[in-house]
J.: 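Here it is, the structure in full.
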Amino acid sequence: LPAPPAHADTHGYLRCIGINAEIPPGVEAKNLPNVSFITEEIGSGKSSAQVAQELVGLGVKPDDAALRVRCFMANWPIGTS
């Protein structure tokens with residue numbers, strides 16, 4: 001995997017999870033699907049697999065959970081939300 005970007009790529013994240021849209025004006029990146037949760041969990045030292053499992057526990061489909069974590073890791077530098 002390539003290194004995460006220096007700043008959050010919100011459009012890349014949305015495209016990656018299958019949402020082909022722009023962020024509406026006034027919406028913060030941390031409010032995108034599961035971004036705050038993933039940021040917090042990865043920041044606490046949990047692995048990508050652990051975070052995906054927790055998303056499943058919150059009701060996210062397993063494939064979607066894994067995709068969201070992968071897309072987060074590819075488009076978000078750790079510690080940025």
Side-chain angles (χ1 to χ4, degrees):
L1 283 177
H7 65 282
D9 180 358
T10 54
H11 302 294
Y13 176 75
L14 288 172
R15 280 189 309 274
C16 185
I17 65 170
I19 299 173
N20 194 13
E22 298 292 317
I23 297 176
V27 173
E28 294 184 40
K30 67 182 180 183
N31 295 326
L32 294 173
N34 304 115
V35 166
S36 286
F37 179 80
I38 297 169
T39 300
E40 192 173 301
E41 298 303 300
I42 293 291
S44 75
K46 293 183 179 169
S47 71
S48 298
Q50 288 172 311
V51 176
Q53 265 315 100
E54 290 185 19
L55 286 172
V56 171
L58 294 172
V60 178
K61 293 178 184 176
D63 289 343
D64 290 343
L67 177 65
R68 289 179 188 182
V69 173
R70 277 195 313 273
C71 292
F72 174 87
M73 297 302 290
N75 291 284
W76 241 265
I78 302 305
T80 300
S81 61

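Quick note: residue numbers are just sequence positions, from 1.
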J.: Contact between V51 and F37 at the side-chain level, heavy atoms closer than 4.5 Å - yes or no?
T.: yes

J.: Work out which heavy atom in V60 is nearest to a heavy atom in A65; give both atom names and the distance.
T.: CG1-N, 3.5 Å

J.: Should V56 and I38 be regarded as members of a common hydrophobic cluster, given that ILVMFWY residues are connected when their side-chain heavy atoms come within less than 4.5 Å of each other, either directly or indirectly?
T.: no

J.: Once you round to the nearest 0.5 Å, how far does SG of C16 lie from NE2 of H11?
T.: 14.5 Å

J.: Identify, with sequence neighbours excluded, every residue that meets side-chain hydrogen bond (donor to acceptor under 3.5 Å, both in side chains) alongside S48.
T.: none

J.: So, taking the atom named CD in Q53 and the one named CG in L58, what distance separates them when rounded to the nearest 0.5 Å?
T.: 11.0 Å

J.: At what distance, to the nearest 0.5 angstrom, does CG of L55 lie from CG of L67?
T.: 11.0 Å

J.: Going through the distances and angles, do F72 and T39 end up as a side chain to side chain contact (heavy atoms under 4.5 Å, CB included)?
T.: CA-CA 8 Å; F72 174 87; T39 300; 3.2 Å; yes

J.: Please name all residues satisfying side-chain hydrogen bond (donor to acceptor under 3.5 Å, both in side chains) with E40, sequence neighbours left out, ordered by chain then number.
T.: none

J.: Would you say E54 has more than 12 foreign heavy atoms packed within less than 6.0 Å of its CD?
T.: yes

J.: Would you sort out whether R15 and N75 count as a side chain to side chain contact (heavy atoms under 4.5 Å, CB included), showing the intermediate values?
T.: CA-CA 10 Å; R15 280 189 309 274; N75 291 284; over 6 Å; no

